[in-house]
Amino acid sequence: MNHEEIESKWQQEWSEASVFDADPDQRQSYMVTAAFPYVNGPPHMGHVRTYGTADVLARYKRMRGFNVLFPIGYHVTGTPIIAQCKRIKSKDPILIKDLKKFGISDEDIEKMEDPMYLASYFINEFRDAFHALGFSMDWRRQLISIDPKFSKFVEWQFSILNENGLLTKGKHPVGWCPNENNAVGMHDTKSDTEPEIEEMLGIKFQVENEDYKIACATYRPETLYGVTNIFIKDGVRYAICEVNGEKLCLSSTAAESMAYQANVKVISEITAADLFDKKYINPINGNAVPALPGFFVDEKFGTGIVMSVPAHAPFDYAALLDLKKKGSETAAAILPIKVIELDGPAKGQEIPSVAYIDVESQEGDPDSGAIEAATKNQYKEELRSGVMIMGDYKGQKVKIARDSMWKDLIASNDAFVVRVIANGAVCRCGFSVVVKIVDDQWFLNYGDEGWKVKAREALKNTKILPEKLRPTFEGALEWINLRAVARAQGLGTKFPLDNTKIIESLSDSTIYMSLYTIWNIIEKVESEKLTKEFFDYVFLGKGSAEAISKTTGISYEIIKRSKESFDYWYTFTSRHSGVDLIFNHLTMYLFNHSIIFNSKHWPKQIAINGTVLCEGEKMSKSLGNTVDVKEALGKHGADVTRFVIICSADLFGDSEYSNDAARGIKERIEYIDSIAGNLSLYSPSELRHIDYWMYSRLNRKIITVTEAIDKLELRTASTAALYEAVIDLKRYFLRGGNNQIVITEYLSNIALMLGPLTPHFSEELWHKIGNDTLVAKEKWPTANESMLNSKMEMEEELMDKMIEDSKHVLDLVKRKGQEPKEIKYIVASEYKYILNNELAKDKNVKRVMEMIKSGELENSYQIKFDLQKCMDFVSSMAKHINTVNTVETNPADQYDIINDAKEYIGNGTGCRITVEKEEESKSSKAAASTPMKPGIEIL
RNA sequence: GCAGGGGUGGCAGAGUUUGGCCAAAUGCGACGGGCUUAGGACCCGUUUCCUUUGUGGAUGCGAGAGUUCAAAUCUCUCCCCCUGCACCA
């Protein structure tokens, strides 16, 4: 049977037995949810990782006796789907090509101009993929974030937030397209660049003999003391404007974009040339400086005017040099003013920027790339080590001086904040994105101290997997402040306080997991009936079912059941997602739960999984190395795909999708399968040494795997359950193991432990060895600790080391031209074991020596010791005292073990094997024997 | 810049909390050998250097310094990398 047949067979069995349809019963509940996928495209490997990890936990907890609910929903609200439709409408060739690659027909692509069609198309893709992967979801509870009932729930949520005074209105800077007149997010820009908003300072210089000032945009107000001139872009139009009641001059284009941030009214336009013959007064020291044309000035950036600090800005220095070469007397007369002393190449230099330009460009004729690099280096170095050497801030570190000057200049009205798009993001329509201050923006106030207290409390009581991410959560929790909560466009629920706006799509999905608990119950209820009273009762226990039934018209039964279902399910929950959601969704998840629900319904566990790499590289469309889920399933099947993606790394590590890894897993699965198929070759018999060893390994494995899955360390778990199981089995057979009972028991436990990891194969194996129940409903194995035998496992290890050493020696002998026929092992005398273990206790050579001399050892062990031999042995051990360990076996055991394993060792070395005891041996190698390593003599 | 996480052998990645069983698990790759018509399958060996009738030594876990009988592990300084910085799912 191929993997597809096997998989669909068991998927059908599970479905027929309704194994995953979960309803309240007497068992302890456990609810696993993963952040629902945003369905503007087909599922990818990252989804497999997140939902797969959740599925492993769900299946595991089910086997541990919990009643597990694992629901799923789909995220449709917000702008990406709309953006996608727009791109399709405009026949975006790249997108169309991608869609076709996924096997979507032209006809379907055309229909995808409709957002709902697009969403439902991909929802089907997701559903099919989840089915095919064997995820143990309760399919009766699928919800969609645009369902009217979902909206009613979101409205209820916002009514509570509003009651708590957490919705506030204010100003907010956003990326904005001046052409389309709307906010611009990542998926609205060319090549999906998030518009990056940065703050600069616009410093005002009074123009001599005029009634206006010019505004110079800078990141570095602390260099104001070093200003020697002003740079203007030649040939460009400048505008004198009224900005918040003050006359300011900036470039005309800058004036246009500034209008989105402040009240800007253009009074008159002038040319750059008009500005060159004037002087400008530096507000910090009253110096009058000239204006010069600067080749690097960008009239679109900032204010279109730059203050020149040649000592600390390579661009400024280069521009002056350029002008000087061209014969500018003004430029020639300018002397750079050093205001900062610093470490690095410029230490002690009169003009620090020169040092950096030289470092970047030995030629002396720097191109702008070199200047760019020089600028970066100098800024960095000055921030790190720079100290002000003049002005009111003399002696302060640059870092401190910059912050104070920033504040002081604003306070004295000599400067104002200018916001810029630092990365030059461009809207898909072709216009450059500008910064707009939206002044009627609604916010959710995550900065509210009372709310933060609750959120901290919620986090404290939530288990974070992996625990090392807790500091990140703590940071996120403190950092989150005002969050814009309403948008002008996109799919979603209307914002209750302003019906022209839509609730932002991450804000509508912070507590929706609770809705799964009643989704199947309210399936037939009309959305209008889902009033605030209904949700208040179900989720918060306010009011009575009878009364609410009367006011809403919902049947008493449904109301009652809903509340019971919620109370039952929403107690032990585990939330799953990738790292990218920590700073938004998961933080909001904690906040919103803490303010809305009673504390017993707060989050209990959050698990964060790493990303998926493809053949060593991050998967991305531009690299063309994305792997389609469908393709992977067809190639390797569900179990192998799951295993590769979910188990090849521990929870937070990057997992790697590679064909090599898939092949390795497939082979191991096949190996175990073949053993199961050949069970009849073995028969039950009495337990021997190697059988006990096998039981010990098995029970230790159960402990390892159980502990690992509890922490979702799936790499550890899967290595033990599959990889090491194969190694154990191979060794068992190699050592002559052939007990059918042992093999069967081993395999059945492996089948159970593989249940969460490779569910289909696990069922197959389970049935092959004679069971007729479903692993999915079976009990997770528990370890029988009395079967653990570390001594025996150690002995096996010792034996391998012994064989290894023997081979080493054999090689040497062979090299000398001898023909080895026999290996004689000499087991060390008991006194060596005793001394070894004494040394292992505290690694104290002196103490053991004393014990020997004083006779203390002879007394406590009641044996006679040869003083000299003991001292020799201890001193030889002392050389590598750090590697001395307690040995649990004794000489007699050792002797028997080697004797028993003659055949095994013989096979490994190709020699006849004999054993003798040190005290009976005449071999020259006898004295060299130690407890860890018997003496070896080649004959 | 701020915050968080990191830097280990050809690569990936354990080990760091609780210093010594750590020349460092495991997987992959490479090389050599065996098996074979063949092998991308399987088995054995090698994969820092030196040494060798053996189980030994040197160097070594970003750089440097320190604590200690003993450091990948503890302390300090520095360098470098990754992620996030918001209205966007």
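Order of the sequence lines fixes the chain letters, A, B, ..., with proteins taken first and strands second; residue numbering starts at 1 for each chain. From a predicted model like this one, the values you see are computed outputs, not experimental measurements.
Contacts between residues 661-671 of chain A and RNA chain B, defined by a heavy-atom separation below 4.0 Å, involve Arg663(A), Glu667(A), listed by number.
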- Message: What does the B/S/- profile of nucleotides 8-17 of chain B look like, 5' to 3', with a 4.0 Å heavy-atom cutoff to protein?
- Response: -----S----
Produce the list of close N/O pairs, under 3.5 Å, pairing protein atoms with atoms of nucleotides 4-6 of chain B; give distances to one decimal.
from, atom 1, to, atom 2, distance (Å)
G4(B), O2', Thr472(A), OG1, 2.7

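The residue Ile197(A) sits apart from the nucleic acid: no heavy atom pair falls under 4.0 Å. Contacts of Ser648(A) with the nucleic acid, taken as non-hydrogen atoms under 4.0 Å apart, are absent. If you check every strand for non-hydrogen atoms under 4.0 Å, His585(A) touches nothing.
Partners of Glu667(A) under the side chain to side chain contact (heavy atoms under 4.5 Å, CB included) rule, at least two apart in sequence or in another chain, are Arg663(A). Among residues two or more places apart in sequence or in another chain, the salt bridge (charged side-chain N to carboxylate O under 4.0 Å, His left out) test is passed with Asp403(A) by none. Listed by chain and number, the residues in a salt bridge (charged side-chain N to carboxylate O under 4.0 Å, His left out) with Glu504(A) are Arg483(A) (sequence neighbours excluded). For Tyr446(A), the side-chain hydrogen bond (donor to acceptor under 3.5 Å, both in side chains) partners at least two apart in sequence or on another chain are Asn592(A). Under the side-chain hydrogen bond (donor to acceptor under 3.5 Å, both in side chains) criterion, Arg456(A) pairs with Glu449(A), Glu478(A), not counting sequence neighbours. Checked against salt bridge (charged side-chain N to carboxylate O under 4.0 Å, His left out), Arg697(A) has the following partners two or more places apart in sequence or in another chain: Asp728(A), Glu793(A). Residues satisfying the salt bridge (charged side-chain N to carboxylate O under 4.0 Å, His left out) criterion with Glu199(A), sequence neighbours excluded, are Arg419(A).
Here the C1' atom of nucleotide U83(B) and the CD1 atom of Ile608(A) are 13 Å apart, to the nearest Å. One atom, CG of Asn659(A), and another, C1' of C28(B), lie 13 Å apart when rounded to the nearest Å. Remark: P of C85(B) and CD of Glu474(A) are 20 Å apart, rounded to the nearest angstrom. Rounded to whole Å, the distance from CD on Gln489(A) to P on C87(B) is 14 Å. Atoms CG (Leu722(A)) and C1' (G27(B)) sit 13 Å apart, rounded to a whole Å. Atom pair Trp406(A):CH2 and G1(B):P shows a separation of 16 Å (rounding to whole Å applied). C87(B) atom P lies 18 Å from atom NZ of Lys171(A), rounded to whole Å. Counting to the nearest Å, the P atom of C87(B) and the NZ atom of Lys436(A) are 15 Å from each other.
When the C1' atom is used for both U73(B) and G62(B), the distance is 16 Å, rounded to whole Å. If you take atom C1' in A70(B) and the same atom in G20(B), they sit 6 Å apart, rounded to whole Å. U16(B) and G54(B) have their P atoms separated by 36 Å, with the value rounded to a whole Å. As rounded to the nearest Å, A41(B) and G29(B) have P atoms that lie 8 Å from one another. Here the separation of U48(B) from A23(B), taken at their P atoms, is 14 Å to the nearest Å. Separation of the C1' atoms belonging to G57(B) and A3(B) is 47 Å when rounded to the nearest angstrom. Rounded to the nearest Å, the gap between the P atom of C22(B) and that of U36(B) is 39 Å. Going from the P atom of G60(B) to that of A72(B) covers 10 Å, rounded to whole Å.
The closest side-chain heavy-atom distance from Asn609(A) to Val579(A) is not below 4.5 Å. The side-chain heavy atoms of Pro173(A) and Gln261(A), taken from C-beta on, include no pair separated by under 4.5 Å. With contacts defined as side-chain heavy-atom distances shorter than 4.5 Å, the pair Asp448(A)/Phe591(A) does not qualify. Counting heavy atoms from C-beta on, the side chains of Val174(A) and Val435(A) never come closer than 4.5 Å. By the 4.5 Å heavy-atom criterion applied to side chains, Pro37(A) and Phe122(A) are not counted as neighbours.
Residue pairs that meet the side-chain hydrogen bond (donor to acceptor under 3.5 Å, both in side chains) test with at least one member in residues 716-726 of chain A, sequence neighbours left out, are Asp650(A)-Thr716(A). Annotation: side-chain hydrogen bond (donor to acceptor under 3.5 Å, both in side chains) contacts involving residues 576-589 of chain A, sequence neighbours excluded, comprise Ser574(A)-His576(A), Arg575(A)-His585(A).
Contact annotation: Thr79(A) side-chain N/O to A89(B) OP1/OP2 distance is under 4.0 Å.
Across every strand in view, U52(B) sits unpaired, with no contact that passes the Watson-Crick or G-U test at under 3.5 angstrom. Shown here, C78(B) forms a base pair with G62(B); the pair counts as Watson-Crick or G-U wobble because both key distances fall under 3.5 Å. Across all strands shown, the partner of G20(B) is C69(B), judged by Watson-Crick or G-U wobble contacts whose two distances both fall under 3.5 Å. Using the Watson-Crick or G-U wobble rule with both distances under 3.5 Å, U26(B) pairs with A12(B). Across all strands shown, A41(B) has no partner, as no Watson-Crick or G-U wobble contact with both distances under 3.5 Å is found. Pairing for C2(B) is with G84(B), a Watson-Crick or G-U wobble pair whose two hydrogen-bonding atom distances lie under 3.5 Å.
Aromatic pair Phe36(A)/Tyr512(A): centroids less than 6.0 angstrom apart.
For Ile727(A), counting side-chain heavy atoms from C-beta on, the closest listed nucleotide (A89(B), C42(B), G27(B)) is G27(B). Which of U26(B), A89(B), G29(B) sits closest to the side chain of Ser505(A) comes down to A89(B). Here C87(B) is the nucleotide among C87(B), A89(B), G29(B) with the atom lying nearest to any side-chain atom of Arg483(A). When the nucleotides C87(B), U26(B), G54(B) are ranked by their closest atom to the side chain of Ile936(A), G54(B) comes out on top. Closest to the Lys730(A) side chain, of the nucleotides C42(B), U26(B), C85(B), is C42(B).
Between Asn481(A) and Val579(A), it is Val579(A) whose nearest contact on RNA chain B lies nearer the 5' terminus.
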